[in-house]
Structures are given as C-alpha cells and as structure tokens.
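Since the structure comes first, as structure tokens, the remarks are kept for the end.
We use all heavy atoms of the structure for the numbers below, so side chains are in, but hydrogens, waters and symmetry mates are not. Here is how names work: the chains are called A, B, and so on, in the same order as the sequence lines, proteins then strands, and each is numbered from 1. What you are looking at is a predicted structure, and each value in this text was computed from that prediction instead of being measured.
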Protein chains: 2
Amino acid sequence: MDKLELFDAEKRFLEILWAREPVKSTELARICQETLGWKKPTTFNMIRKLADKHLLKNENATVTALISRGDLQRQESEALLQQSFQGSVPAFLAAFLEGRRLKPDELEALKRLIEEAES
Amino acid sequence: MDKLELFDAEKRFLEILWAREPVKSTELARICQETLGWKKPTTFNMIRKLADKHLLKNENATVTALISRGDLQRQESEALLQQSFQGSVPAFLAAFLEGRRLKPDELEALKRLIEEAES
DNA sequence: GATACGGGTTTGTCTCGACAAACCTCATGG
DNA sequence: CCATGAGGTTTGTCGAGACAAACCCGTATC
C-alpha cells in the first residue's frame, strides 16, 4: 500500500460505496445527490480521482472498491500510531487510559485478544 | 475540550513549541525559520491563530502552550476511535492485529496496563 | 431524424489554509 | 536625532480541494 492520504470528502464517498458496492456509477451519482447533495459531475470526478489512486475501479459503468474498509482503518491507525506514539501500541493504550476508563467487558475482550496474539 | 481540528502546519508548530516552552516569541520565530523554513510573519500568524483557539498564550513576548502533547494525543486517538471503530478500543486492537504482530515485550506491556486498569 | 437518457469529461469558480512582503511601534544606545 | 532591533500586524499571493455548469458521445425509441 503506497502513500495514502484521504481527504474528508473522499472518506465520506467511500463509506457510501462500501455500503452498496458493486454499484452502477449513475446509481452512485443518485445516492450522492441524496445523501451528500452532490451534483452528477462531482460524483464522477470523485470516481475518477479515486480510480487514479487505484482505490476503486469503474468498469462497464460499475464501480467497485479496490480497498476494503478494514484496510483503510488499519492504514489510518498505523498512521496515527506512527505520528503520535512512535508506533507503539502500549503507548497508545497508556495515553488513552489516562483519559477514559474501560468497561469490564472491554478489558476482558482486550485480554482475550492479547492471549490469542501470544500464540 | 471543544471541537478541535488541527491542521498539519499547526501540529508541526506545536511539536516545536512543546519541545521548548516557555519560549520567547522571537526565539520561536528563529527556530521555525531554521527547522521549518518559515519567515517571521508566518510564525507570528501561527502564534496568533493558535492563541485565538486558546491552544497557547503569548504574554510579555513569551509563548506557553495551553494544551499538552498528551491532551492532543488523547483527543486525536478518541477521534480516530470514534470515527473508525465506534469508540471501541478492542475493535481498534483487533483491526490492528490483523495487519501487524506485536513483539513479546509489547504484549507484556499491554498485559500490565490492563491489569492496572482493572484495579 | 428529433428527443431522451445513460455515462461520462472539461473547465471554471469558490473557499481556505500556508506563507510572506511591507509596514508599524516602541525602547535603547551611539 | 537617527539607527537598530525586538515584537509584532495588515494584506495579498498561491495552491489545492470541493463542487458544478455546460458540454460531449453513443444508443434506442418514437
């Protein structure tokens, strides 16, 4: 995954795409019209821009994402971790715990994840 | 903490401030000149903008941050968690583990943090 | 062969953040 | 007094992202 920098509008658009894909481009334009208030060219411009970035493809008037929601989440998490916590997950959690307590079931879930990661 | 949206240049600047504060405004201008290549007005404009946002104060030509590095980190972490993981720390960790394995000492550190959080 | 519609692109406007040239004011010292 | 430097502000340029008006092309329907 190369350098990936998504802007706000791009994220909003991708959320819509992920919820519906694969979807026809004109259908997408209609949905964006309704939910984001975008005119047709705005949607098509967005499609082309993201296609140029290889984040989706538009073939035979059908749009499909080439990146998954999970991929993007991971990528953004990594970025935050690198930028703010030198890439350290414990540092992230530590900073986090100073601002908010976790609920018992969250703690349990974390423990289980860590046990699994140890194997 | 109200709505907080920091731009890239603002973060870069704050990193410098945190490393040196409290510091005289002209000194800051000199450092930004060296490290960021900024001219004097750029630095002063930044100071004023962040002062307007109550993120720092400039009194008697001495600049002091009103927000700590940790506060900003926590705030950004929260934002990412809310936006991408419905605020769930376990969901964050789970997504993260799919992309990268943690080192043994990181796992140990996490365990200790969780134990402390349980008390 | 006019009209309509699906599937687009070209080009331009608007806003906003990043940055800086030129200017201002006051204190100090030669 | 006049220069110099500290400590600023006003104003404007530049670039980029968000968005859209107007246009284009093929097909198919009347």
Interface polar pairs with nucleotides 13-19 of chain C, N/O, under 3.5 angstrom:
{"from": "C:dA18", "atom 1": "OP2", "to": "B:Lys49", "atom 2": "NZ", "distance (Å)": "3.0"}
{"from": "C:dC19", "atom 1": "OP2", "to": "B:Trp38", "atom 2": "NE1", "distance (Å)": "3.1"}

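Using a 4.5 Å heavy-atom cutoff, the side chains of B:Lys57 and B:Val63 are not in contact. Counting heavy atoms from C-beta on, the side chains of B:Leu66 and B:Leu55 never come closer than 4.5 Å.
Exactly one residue among A:Thr42, A:Leu50, A:Thr43 makes a side chain to side chain contact (heavy atoms under 4.5 Å, CB included) with A:Met46. That residue is A:Leu50.
Under a cut-off of 6.0 angstrom, the local environment of NZ in B:Lys11 is crowded, with over 12 non-hydrogen atoms contributed by other residues, nucleotides or ligands.
At a cut-off of 3.5 Å, with distance as the only test, a side-chain donor of B:Ser68 or B:Asp71 sits close to an acceptor on the other residue.
In terms of heavy-atom proximity, A:Pro22 sits nearest to A:Thr62 at CB-CG2, 3.9 Å.
A:Glu118 has a carboxylate O that lies under 4.0 Å from a charged side-chain N of B:Lys111, or vice versa, which qualifies the two as a salt bridge.
Counting only residues at least two apart or in different chains, side-chain hydrogen bond (donor to acceptor under 3.5 Å, both in side chains) contacts with residues 27-41 of chain B comprise B:Glu27-B:Arg30. Applying the ring-ring contact (aromatic ring centres under 6.0 Å, His included) test to every pair with at least one member in residues 60-90 of chain B, sequence neighbours left out, gives these pairs: B:Phe85-B:Phe92.
With sequence neighbours left out, the side-chain contact (heavy atoms from CB on, under 4.5 Å) criterion links B:Glu15 to B:Trp18, B:Arg69.
Within 4.0 Å (heavy atoms only), A:Asn58 reaches sugar-phosphate atoms of the nucleic acid but no base atom.
Taking every nucleotide of DNA chain D with any atom under 4.0 Å from a non-hydrogen atom of chain B, the first and last of them, 5' to 3', are D:dA6 to D:dT10.
Near DNA chain C, meaning a heavy atom under 4.0 Å from it, residues 15-34 of chain A has A:Lys24, A:Ser25, A:Thr26 in order of number.
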